[in-house]
Protein chains: 2
Amino acid sequence: MVHPDLKILFQRLEASREAAGLTRDEVEEKLVMGPGWIKLIEEGLTEPSLGTLAAILALYGDDLHGFFADFQFGETDVIVDRHLSATEEGADLVLHFPMGPHSANVTIPDATLDEFNSVLLVLRNVLAVRDARRAIVECFLEAVRTWPHVNPSDLWYFLVAHAYQDDFNHPAESAGKDWAQSWKRAGGWSLEAIFVEHYNPQLNQHGVRLAMPTAPDEKGRLLGEMGLHGSGVVEKSDVIALGTDAHGNEHPFGVVHVKASFAERRTDDAPLSARLMASGFASPLLTMDCKAGPSTDPFNKGELGAVQGGIARVSSKRLDIERDRIFDAAFSYNANTEPTPTGTSAAARIYRCNFADPDDSFSRHMIRKWQERQGN
Amino acid sequence: MVHPDLKILFQRLEASREAAGLTRDEVEEKLVMGPGWIKLIEEGLTEPSLGTLAAILALYGDDLHGFFADFQFGETDVIVDRHLSATEEGADLVLHFPMGPHSANVTIPDATLDEFNSVLLVLRNVLAVRDARRAIVECFLEAVRTWPHVNPSDLWYFLVAHAYQDDFNHPAESAGKDWAQSWKRAGGWSLEAIFVEHYNPQLNQHGVRLAMPTAPDEKGRLLGEMGLHGSGVVEKSDVIALGTDAHGNEHPFGVVHVKASFAERRTDDAPLSARLMASGFASPLLTMDCKAGPSTDPFNKGELGAVQGGIARVSSKRLDIERDRIFDAAFSYNANTEPTPTGTSAAARIYRCNFADPDDSFSRHMIRKWQERQGN
DNA sequence: ATCGACCGGTCGC
DNA sequence: TGCGACCGGTCGA
């Protein structure tokens, strides 16, 4: 990611060091660095900060003035370092972002740079005037509207997540934030709001509504109506499902659990979910099932893994649902998640959804759950 | 954190921009940046990367050569940017590291820069030739040996954690890693090894041993001997406690749960812990109880919070232990954790320990648990 | 010096 | 491109 002209310039540092009569080891010791850093910098494989560059030059009896004395950029465009950038390749868009030690490239099929810039503009514009949640919700919904053919989980995990982690997409007043940590907080919360916004117009036609009560009293009241009290209940409840009965009265009939990814956190919601299901309430999981190994060419394969009955061993995350039924159903918005095959028996099923049409297996699940509840 | 001479240089960018006839808004729009960045850079409050600086200069018809043409550093030392640095203030050492948007300063009482450099040298030297776990274990144990009077949790959370997250303390061959994420993995695992190394010499004198079995079969065998089978048992078991009986045979008699901090992850181990205690096995928690709010002057107050019976509300983490007994005892190595007051009744007690002497409440707890088990 | 849950790169197995 | 658990800055309530 070092500009090619700067790379050539950094390669001159080797001669400067030798002229100063210093070995790489000696420089690293003087600067209190681990082994190999001077070689890496001299090879132009990493871009030192101005402070680090100046400290190295000072050891060699040089300074920034001397170092850049006869330097000029050539033909390659000089661009601002971004956490996320994109290029067009034929009819496709390729996203570029750092993924651990790799420079990752992810192809978004049939997409243009103009569309990319429009989607990111939503993020930047809303971040400039509103809160992070609003910005993430609007940017993601714009992305799935712009590219309905693309895996929503890829748009979430590769595009919105990394755009959010780009310093320069935020107003400078929030400079210095740890955007990776901020994403975990703001992204996770935004995802709940995304599902609420996406499904409510459809659900409302059937007397069902998803709510994220903000007042803690309101949330506690609704959970209390479902017989849920005690510690950990309010905090673990993401989204409350509400249904309107024949008399026009609204009643809570379940909790929707939302997770961007699983890791070991999958069982966090299990105790609450078990209590809900034991009382006949709805308790589904919505997940982006995001997970890719670090790679220059990452594949968002998710964590639910191979289906039961196949050759590969079944992941414990899949068993949690299909065998142990810790949720009454799971809906993945990752096109790479294998749904529970139709015709097989399972204690609870994994479905695959997207954002093309809110009349889908999730909304039908919730409407059915409410109708079943009224039948009781 | 911008060098004062560079700060003055960056302040010249305002005149260059005005000479080019551009407003800040126009530059931000051309560079696709959120609002305020150009002002922040022009005020010298943030150090742009060489690529970003070059891109800005290119807009103004200038380049790096011209920008540094008459620049010289003055009297302030030019130093490499480090994630963690330290200065002496009287008899104390002050650590400096970024904490979100803050530049944090933490005082280590009665400590010198020489001691700091010696402790960090252990980390760098071991990282250069061995794995991260070994390096963290040896660095932390060197730190508590060097400064036995200092809060161990502070040394863990403010010193070792941030030293580990400094790129230049690692060999360059691992450049590009996300050290914050790496710390979570390697630090958490190292903490288990630290407790094993610290306590085993003392425990061995009483026929007790802590083990971290590496072969999955071995771990599963030991857990099986305690009647524990099924999914999630092997993965959730950190450290196994073993006791030698009168016939010289070794038997597992508990699992030691280790957590650097709590967050919402505190209940992860609860189901396994409940099964252990129901069978009369030991199931204590060891924790650094690390937590500080973001601040220029962070205080590692932990998460266990106020004691029961006090004026302040009791944290749910404290209730988990003192009321709900999700572990048979908890041992915090944060000097700021309030232990369960002696004389009060609690379903399980919170103790405060340090690394000064392994003959402490934790080792005595384990020895007593093994003796009780043999009495059965 | 509030409290609580959000999540993903890492790395041993 | 296997699987699984590690943890802490963030930020609304």
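Naming: A, B, ... by sequence-line order, numbering from 1 per chain.
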Quiz item: Of B:Gln165 and A:Lys317, whose closest DNA chain D nucleotide lies nearer the 5' terminus?
Solution: A:Lys317
Quiz prompt | hbond_proxy B:Glu264 side chain to C:dC7 base (donor-acceptor, 3.5 Å cutoff) | solution = yes
Quiz item: Is the phosphate of C:dA5, meaning OP1 or OP2, less than 4.0 Å from a side-chain N or O of A:Lys259?
Solution: no
For residues 157-165 of chain A, run the donor-acceptor check on the side chains, cut-off 3.5 Å, and write out each pair with its distance to 0.1 Å, sequence neighbours left out.
residue  : atom : partner  : partner atom : Å
A:Tyr157 : OH   : A:Ala292 : N            : 3.3
A:His162 : ND1  : A:Tyr157 : O            : 3.3
A:His162 : ND1  : A:Phe158 : O            : 3.2
A:Tyr164 : OH   : A:Ser182 : OG           : 2.8
A:Gln165 : NE2  : A:Ala161 : O            : 3.0

Quiz item: Has the side chain of B:Arg265 got a donor or acceptor that lies under 3.5 Å from a partner of the other kind on the base of C:dG4?
Solution: no
Exercise. Only counting residues at least two apart or in another chain, list the ones meeting side-chain contact (heavy atoms from CB on, under 4.5 Å) with A:Arg185.
Key: A:Trp189
Quiz item: Hey, which of these two, A:His102 or B:Glu303, hits DNA chain C nearer its 5' end, going by closest nucleotide?
Solution: B:Glu303
Practice problem: Please check if any side-chain donor atom of B:Ser153 sits under 3.5 Å from a side-chain acceptor atom of B:Asn300, or the reverse. | Solution: yes
Self-check item: Relative orientation of the end axes in the helix from C:dT2-D:dA13 to C:dC13-D:dG2, expressed as an angle to the nearest 10° (five pairs per end)
Solution: 10°
Quiz item: Quick one: do the A:Asn151 and A:Asn334 side chains pair a donor with an acceptor below 3.5 Å?
Solution: yes
Quiz item: Side-chain N or O of A:Thr214 less than 4.0 angstrom from OP1 or OP2 on D:dG12?
Solution: no
Self-check item: Base C:dG4 paired with B:Arg266 side chain (donor-acceptor, <3.5 Å)
Solution: no
Quiz item: Just to confirm, is there a sub-4.0 Å distance from OP1 or OP2 of C:dG8 to any side-chain nitrogen or oxygen of A:Ser261?
Solution: yes
Quiz item: Does a nitrogen or oxygen in the side chain of A:Ser316 sit under 4.0 Å from OP1 or OP2 of D:dC3?
Solution: no
Exercise. In whole angstrom, give the distance that lies between atom CH2 of B:Trp183 and atom C1' of D:dG8.
Key: 12 Å
